[in-house]
Amino acid sequence: MLDFRTRTFLTVCKYMNYTKAAEKLCITQPAVSQHIKFLETDYKAKLFYYEGKN
């Protein structure tokens, strides 16, 4: 079974949007950000980069 943080990361990747991922996972958007930060720390890698709005 996938760790919830990993499932959160995969959902963000699928929707390319933290807010939509949070809605699908039924959690708040800040929780998504916290899970991503945990994974980045754990894997010592930057998983997402903010590019701004086009």
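Predicted, not measured: the structure shown is a model, and the values here were computed from it. What you see below is based on every heavy atom in this structure, not just the backbone, and it leaves out hydrogens, waters and symmetry mates.
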Ring center gap for H35 and F9 short of 6.0 angstrom: no
Sequence neighbours excluded, every pair satisfying salt bridge (Lys or Arg N to Asp or Glu O under 4.0 Å) that has a member inside residues 26-42: E40-K46
Under the salt bridge (Lys or Arg N to Asp or Glu O under 4.0 Å) test, residues paired with K44 that sit two or more places apart: none
Using atom types as modelled, flag every donor-acceptor pair under 3.5 Å from a side chain in residues 16-34 to any protein atom, sequence neighbours excluded.
from	atom 1	to	atom 2	distance (Å)
N17	OD1	T19	N	2.8
N17	OD1	K20	N	2.9
Q29	NE2	S33	OG	3.2

Heavy-atom side-chain contact between T11 and T8 under 4.5 Å: no
Common cluster, V12/Y15, ILVMFWY with side-chain heavy-atom separation under 4.5 Å: no
Pairs flagged by salt bridge (Lys or Arg N to Asp or Glu O under 4.0 Å) wherever residues 26-36 is involved - sequence neighbours left out: none
